[in-house]
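This report refers to the structure that appears directly beneath it.
First the proteins, then the strands, lettered A, B, ... as listed; each starts at 1.
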Amino acid sequence: MTDITLEVNGTEKSLAVEPRRLLADVLRHEFGLSGVHIGCAHGACGCCTVHIDGVPKLSCLTFAVQCEGKAIATVESVGGPNAEHALQQAFKSEHGLQCGYCTPGFVMALIPFVEAMTSQRRMPEDDEIREAMSGNICRCTGYHGIVAAVRKAIGDQIAGGSNRS
Amino acid sequence: MTRAENPRHIGARVLRFEDVRLLSGAARYLDDITRPNMLHMSMVRAQVAHATILGIDSSALADAGFPTQVFTADDLGSLSIKAHQDYPQMQYSEQPILASGKMRFVGEPVAAVLADDPYKAEDASELVFVDYDPLPVVGTMDQARDASLPTLFDGWKSNVIVEREMKGGDLDKARAEAAHIIRRTYSTQRQAGVPMEGRGVVAEYNPADRVLTVWSSTQFPHIVRTCLSEVLNWPESRLRVIAPDVGGGFGVKGQVYPEEILVPWLAVKTGRPVKWVEDRREHLMASIHARDHRHVLEAYVSAEGRLLGLKADVTVDNGAYSTYPFTSAGEPGMVGKVLPGPYDFQAYHAVYRAVATNKCSIGTYRGVARPSAVFSQERLMDDIAEELGLDPIEFRLKNIIREFPYKNVLGFSYDKGSYAESLEKMRELLAADRTEAEASKVSTTRRVGVGIACFIEQTAHGTPDFIRRRVPIETGYIAARVEMEPDGQAIVDLGMQNHGQGLETTMAQVAADALGIDPKDVFVRHGDTLMTPYSVGTWGSRGAALGGGAVHTAATQLADKLRAIAAHLLQAKAEDIVLGGGKASLKADAGRFVEIRKLARIALRNADQMPEGMTPGLEASFSQDGPADGTYSNAVHAAVVEIDVPTGKMKLRRFVVVEDCGVVLNPMIADGQVRGGVVQGIGSAMLEHFVYDAECQPLTTSFADYLMPQAPEIPNIEVHHIVTPTSLTPLGAKGMGEGGAIGPAAAIANAVADALDVQVTSTPLNGNAVWRLSAALRGE
Amino acid sequence: MRPASFEYHKAVDIEDAVRLLAEFGEEGRPIAGGQSLVPMMNLRLARPGHLVDINALPMTDIEFDDRTMRIGALVRHEEYGRDPRIGKHFPALLDAVHWIGHPTIRRHGSIGGSLSHADPTAELPAAAILYDASMVVRSLGGERRIAAVDFFESAYVTTLEPGELLVAVEFPIPPRSSAGSFMEIGERVGDFAIASVGAHLEFEQATITRAALVCCGADLVAIRAPEIEAFLVGKTLDAPQAVEVGRRFAAMVDPSGDHIASADYKRALIGELTRRAVEAACARAIESK
């Protein structure tokens with residue numbers, strides 16, 4: 001067992017973990033963050049995407065011991081219990097989700113992209129949006145609503161100043 | 001049956017109520033269920049496709065000091081799943097919960113290992129060794145009919161599980177009158193369904209009330225309960241099956257699997273809660289597969305281009321076991337049933353069979369055999385048009401059914417649809433693409449092609465359809481119980497399970513219209529046998545048609561009582577009262593009203609104010625069965641492809657759907673169902689292939705090998721609706737959950753055939769296949 | 001699908017890392033981004049007894065001198081992929097980076113990790129072989145350089161010895177005007193290549209003076225084509241006989257079929273991608289003049 005200290009969704013916590021424990025499992029079971037979903041456990045579907053020091057990473061390809069001292073954010077921290085982040089709201093209004101299992105991974109993977117486009121005040125082409133989500137698999141929506149949600153989130157934030165993020 | 005009067009919410013683009021918990025991370029899927037003192041199960045699975053088990057040695061576990069328990073078939077006795085159909089032509093087999101005597105496919109559960117942690121359970125399962133004697137492998141449809149190979153089950157005469165026929169009309173006459181006889185062999189490849197959440201089971205036994213609670217990531221908790229009751233000989237009244245949030249199903253979670261029996265059995269045996277969560281490799285190897293078909297078709301066509309008759313020989317590579325409750329006969333039988341399609345002809349004869357091989361069992365995956373059947377049917381239509389020198393859309397229009405109701409060659413009754421209008425609409429939408437495709441014919445390096453697929457889909461079939469099939473599912477109804485609480489809030493307890501279809505929203509829309517309240521004041525509960533009325537679950541495109549019908553009818557009964565109370569208070573007649581906007585008001589004078597929540601309070605708390613003789617309470621239930629022949633949705637799909645001839649690289653430029661599912665409850669959700677289905681169908685057409693080698697070792701057991709569509713491969717999917725309400729369901733809705741997946745393989749194959757001027761007879765149309773098909777253009 | 005047990009060691013510097021790797025020998029594996037190693041561990045296809053985490057090591061720079069570009073082993077694909085100097089000198093490498101995986105993979109995967117993993121269809125080993133790169137390798141015994149062509153032994157096998165760590169890769173800067181291109185065909189965006197071809201051309205005026213060609217998909221390692229490269233020398237940029245070059249490369253290779261692509265398909269792709277890569281490189285050369 002190895003002692004580590006992580007900052008998870010703004011709260012610091014120390015715990016002892018076996019080195020082989022995947023960050024995804026530790027977030028789910030030690031921190032109770034059920035929004036981290038495991039879709040393949042071999043880095044090929046994007047469901048488990050979280051932010052480590054602000055950068056999207058697959059938590060099934062990361063060992064918790066590697067995250068000593070790092071700040072981790074999961075979907076739970078993004079828009080609160082009412083899912084108020086502009087991208088979450090756009091997923092809802094554009095029907096970017098159905099069963100919801102892949103959704104937190106898409107949201108976490110796409111937030112930096114949406115933020116970058118918003119700060120550049122640039123509406124990307126659909127191809128660029130699709131490339132940005134190419135590491136995430138959705139089996140329900142056919143991606144159509146997710147592409148629309150990204151466009152809407154960027155458009156709304158450029159037009160109306162940013163929602164909370 | 002009455003349509004919703006004055007619908008306010010049905011048909012509206014209501015945003016989904018379930019989205020907030022799914023977006024915020026608050027949803028609870030199977031792996032989020034934990035119980036105190038829980039054990040974790042890891043499976044030891046067959047590593048060879050066909051073998052006699054000589055022994056199972058777990059002594060290494062004790063040597064390594066693992067505090068684990070191992071269970072094998074010897075511990076289970078004769079527990080097995082029996083998915084039999086009462087046909088004389090069917091050979092009987094059972095699927096043991098853990099392999100007993102023989103292993104019949106790679107991935108079959110052989111032993112279960114329990115530990116207090118899933119990592120340790122996986123460690124332990126690696127130390128269980130299965131000693132076996134290999135048997136010759138039955139690996140293909142042809143090998144399954146090779147008498148020199150062993151049968152998969154003792155006592156079988158051959159590896160043909162079932163062979164039956166369906167016929168209507170005079171095929172000899174059709175053949176004799178035909179000016180053209182077109183014979184083709186088409187095939188589609190084996191695929192997996194792959195919901196993003198795999199399967200999983202948790203079980204806990206409470207000796208205090210002798211209730212065994214089972215959480216399963218399933219589409220049909222009541223059916224799981226019934227099967228579990230039968231296999232374990234346990235009263236259904238003391239079984240509770242809960243499907244929590246379910247991360248996609250697509251039919252894959254519409255079978256009962258050995259783990260759903262094993263985990264509860266272990267929970268009782270050990271006296272501790274037990275959990276099993278499928279990993280992705282297990283899912284790909286050992287949850288059901290689909291679409292492994294070969295169809296030999298022969299069409300008889302008049303000189304004028306009229307279809308006179310069709311002969312079909314259908315073989316499905318079923319894999320090892322008959323799955324519960326739809327059985328091995330379900331997949332090939334569906335092909336036999338649906339091949340006549342939307343076309344008017346009078347002679348048909350289909351022979352269909354399922355053969356057993358040493359592969360994962362075939363089960364129901366979105367569309368259930370129809371993607372394969374429509375692939376063959378619609379490729380054949382294009383091939384006939386080509387042979388006769390006719391435009392493929394014109395040829396279809398010449399043969400399309402236009403009079404309704406239509407009794408087809410097998411005696412099935414089609415309710416009204418928009419077959420010809422859909423084709424004509426699609427012809428308009430494709431005009432520019434077809435011109436471009438034609439113009440590209442001068443090129444030998446870059447070709448554009450346009451293909452269509454026209455099909456009908458029998459949906460929401462009722463009990464008579466299942467009686468005809470004699471399958472363990474036996475029935476097809478959906479039940480709902482609608483209640484109102486004293487504060488005027490309504491509850492719908494629905495016998496379906498919501499795993500992405502938006503039922504928590506659409507069913508609230510339906511109830512709200514009947515009850516005159518806002519959809520947000522309706523709480524739709526589902527997925528728990530303790531609180532929902534018995535139903536067959538969510539499959540077979542029955543949510544809107546039958547679930548909606550059940551909710552509408554039950555809520556209307558409740559509304560009648562509300563109206564009666566209101567009439568009493570307002571000194572009016574019940575038929576003069578309308579419910580809406582939270583009020584019961586006079587039709588003639590909207591200013592005279594009672595708030596519905598006041599009526600609810602009277603019915604439940606102030607019964608003294610009710611009309612004389614009326615019993616207290618606000619609750620109504622209804623079980624909605626489907627029409628005997630179902631209700632028929634129809635659609636035309638079209639694909640526009642661009643092919644780079646030197647590399648075979650194909651870009652799907654455009655995909656268009658014109659569809660008619662009758663009354664649409666929520667257009668946003670309906671379009672989402674169509675688009676999601678289409679993209680799964682694009683996967684079927686271009687990418688997804690579950691491959692076995694000659695020894696039936698699976699080669700595609702990870703997402704690096706089993707390739708599903710990602711966003712960059714997919715265009716935006718255009719959806720157009722034509723609405724032809726059906727009179728066969730209460731709301732006029734037809735089924736629509738599966739249709740999206742049915743057409744793409746045919747449409748894309750027809751587009752490739754158009755682009756390259758070749759015959760396309762199989763899928764997947766991946767880069768290698770398209771390259772091979774374009775050999776002539778490269779001068780090879 | 002969870003990894004077997006291992007011990008975890010966070011190396012503080014290169015000395016520490018090579019000491020740990022020497023201590024653990026065959027049982028030790030360095031981990032950087034983990035984008036290739038951890039999937040194998042989760043599938044239990046790899047089960048190192050000791051993981052040496054090298055992410056804190058000072059191997060994150062891209063350095064140029066007159067003759068060499070040196071990329072530290074820990075530089076992430078996304079980072080060197082947007083360095084304009086790479087586009088100038090090594091356009092085929094820049095092309096190759098864009099074919100690697102998905103955004104999240106490119107963000108975390110490192111050049112050293114990809115090279116050490118030695119996937120037979122990966123882009124970076126091919127680019128390293130194309131540009132005659134050298135692997136800079138450290139161990140307790142000191143530093144040595146291994147030519148790319150000698151580094152990749154077979155699929156997932158390199159000539160790194162137990163106890164050795166790849167610390168950087170050095171690309172010699174082409175001495176003359178040059179241009180290049182890297183082309184790939186995979187089933188989907190981000191998939192492993194079915195086949196890929198890189199071309200590097202050096203030229204004077206409008207004449208090719210030196211050429212390098214590499215392909216993936218034909219063998220267990222990326223392969224060069226010296227005789228065909230020689231054929232290109234002396235051809236002009238506007239008429240490089242690219243079709244013939246492609247035909248020759250296709251005739252030279254002997255790929256094996258698999259469940260995604262047959263041998264004849266791979267051979268045909270290598271021919272066609274060679275033609276396209278040579279033509280694209282020539283077009284870039286003409287544009288740059």
Side-chain angles (χ1 to χ4, degrees), chain A residues 18 20-21 25 28-29 33-45 47 74-85 88-89 91-95 97-104 107 126-127 129-148, chain B residues 13 15-16 18-29 31-32 34 118-119 193-198 245-250 277 279-281 498-502 668-669 671-680 682-683 702-704 708-717 719 740:
Chain A
E18 226 191 334
R20 63 166 164 167
R21 298 285 157 165
D25 287 324
R28 289 177 50 74
H29 302 303
L33 295 167
S34 62
V36 180
H37 297 157
I38 297 174
C40 72
H42 57 277
C45 78
C47 284
T74 69
V75 77
E76 283 87 347
S77 72
V78 162
N82 294 322
E84 285 165 352
H85 188 281
Q88 290 173 312
Q89 291 292 304
F91 262 73
K92 182 174 177 180
S93 71
E94 304 309 304
H95 198 30
L97 71 158
Q98 288 181 23
C99 82
Y101 197 78
C102 71
T103 309
V107 168
D126 280 2
D127 284 352
I129 298 173
R130 287 176 180 273
E131 162 68 18
M133 62 175 76
S134 62
N136 293 68
I137 295 176
C138 172
R139 198 64 166 158
C140 290
T141 63
Y143 305 103
H144 189 104
I146 305 177
V147 173
Chain B
R13 190 184 189 275
L15 299 186
R16 302 198 323 168
E18 48 268 71
D19 283 356
V20 168
R21 76 168 184 279
L22 302 175
L23 280 160
S24 66
R28 289 291 175 274
Y29 298 90
D31 194 24
D32 302 323
T34 58
Y119 285 64
V194 201
M196 292 316 294
E197 182 204 25
D245 280 316
V246 170
F250 315 119
V277 177
D279 70 36
R280 197 44 80 178
R281 189 166 42 184
N498 179 36
H499 46 282
Q501 296 86 349
M668 176 188 84
I669 288 173
D671 287 356
Q673 290 292 307
V674 172
R675 290 184 172 120
V678 163
V679 172
Q680 286 184 332
I682 291 170
S702 82
F703 284 173
M708 292 171 290
Q710 303 169 153
E713 286 80 48
I714 301 298
N716 283 325
I717 311 294
V719 184

Contact origin within D31(B) toward chain A - heavy atom pairs under 4.5 Å: both

Counting heavy-atom pairs closer than 4.5 Å to chain B, which one of G135(A), C138(A), A148(A), G142(A) comes out on top? G142(A)

Non-hydrogen atoms of chain A under 4.5 Å away: do they reach the side chain of P715(B), the backbone, both or neither? backbone

Report yes if some heavy atom in the side chain of L22(B) is under 4.5 Å from a heavy atom in the side chain of K92(A); otherwise report no. no

Relative to chain A, which of D32(B), V679(B), V20(B), L15(B) shows the most heavy atom pairs under 4.5 Å? D32(B)

Using a 4.5 angstrom heavy-atom cutoff, name the option from P195(B), G248(B), P712(B) with the most pairs to chain A. P712(B)

Looking only at non-hydrogen atoms, find the nearest pair between R20(A) and Y119(B) and report the distance. O-CE2, 3.5 Å

When heavy-atom pairs shorter than 4.5 Å are enumerated against chain A, which of Q710(B), Q680(B), Q501(B), R675(B) gives the highest number? R675(B)

Atom group of S34(A) that falls short of 4.5 Å from chain B, counting heavy atoms: both

Between Y143(A) and E713(B) (side chain of the first, backbone of the second, donor and acceptor by atom type, cut-off under 3.5 Å), is there such a pair? no

Look at G740(B), G25(B), A27(B) and state which one has the largest set of heavy-atom pairs under 4.5 Å with chain A. G25(B)

Any chance you could measure Y29(B), atom OH, to H37(A), atom NE2, to the nearest 0.5 Å? 5.0 Å

In terms of heavy-atom pairs under 4.5 Å with chain B, which of A132(A), C102(A), G35(A), C40(A) leads? C40(A)

What are the two closest heavy atoms between H42(A) and S702(B), and how far apart are they? NE2-CB, 3.5 Å

So which residue, E131(A), M133(A), Q88(A), ends up with the most heavy-atom pairs under 4.5 Å with chain B? Q88(A)

Side-chain (R280(B)) to main-chain (A41(A)) donor-acceptor, under 3.5 angstrom: no

Please state whether the side chain, the backbone, both or neither of R13(B) comes within less than 4.5 Å of a heavy atom of chain A. side chain

Looking at E94(A), H29(A), R21(A), which has the largest count of heavy-atom pairs under 4.5 Å with chain B? R21(A)

Measuring heavy-atom distances to chain A, does I669(B) have an atom under 4.5 Å in its side chain, in its backbone, in both, or in neither? both

Pick one of side chain, backbone, both or neither for V678(B), based on which atoms fall under 4.5 Å of a heavy atom in chain A. neither

With a 4.5 angstrom heavy-atom cut-off, could you sort out which part of N716(B) is near chain A: side chain, backbone, both or neither? both

For chain B, which candidate among C45(A), S134(A), G145(A) shows the most heavy-atom pairs at distances under 4.5 Å? S134(A)

Measure the CD-OH distance between E197(B) and Y101(A) for me, rounded to the nearest 0.5 Å. 5.5 Å

Could you state the interatomic distance from NE2 (H95(A)) to CE (M668(B)), rounded to the nearest 0.5 Å? 5.0 Å

For R21(B), is it the side chain, the backbone, both or neither that has a heavy atom under 4.5 Å from a heavy atom of chain A? neither

In this structure, CD of Q98(A) is separated from CD of Q673(B) (nearest 0.5 Å) by 5.0 Å

Can you give me the closest heavy-atom contact between R139(A) and V194(B), atom names plus distance? CG-O, 3.2 Å

Need one label for C47(A): side chain, backbone, both or neither, based on atoms under 4.5 Å from any heavy atom in chain B. side chain

With chain A, the option among G683(B), G193(B), G502(B), G198(B) that has the most non-hydrogen atom pairs under 4.5 Å is G193(B)

Best-contacting candidate, N136(A), I137(A), V75(A), L97(A), against chain B by heavy atom pairs under 4.5 angstrom: L97(A)

Using 0.5 Å steps for rounding, measure from the NE2 atom of H499(B) to the SG atom of C99(A). 9.0 Å

Can you tell me how far apart NE2 (H144(A)) and CG (D671(B)) are? Round to the nearest 0.5 Å. 8.0 Å

Nearest heavy atoms of G80(A) and S24(B), plus distance in Å: O-CB, 3.6 Å

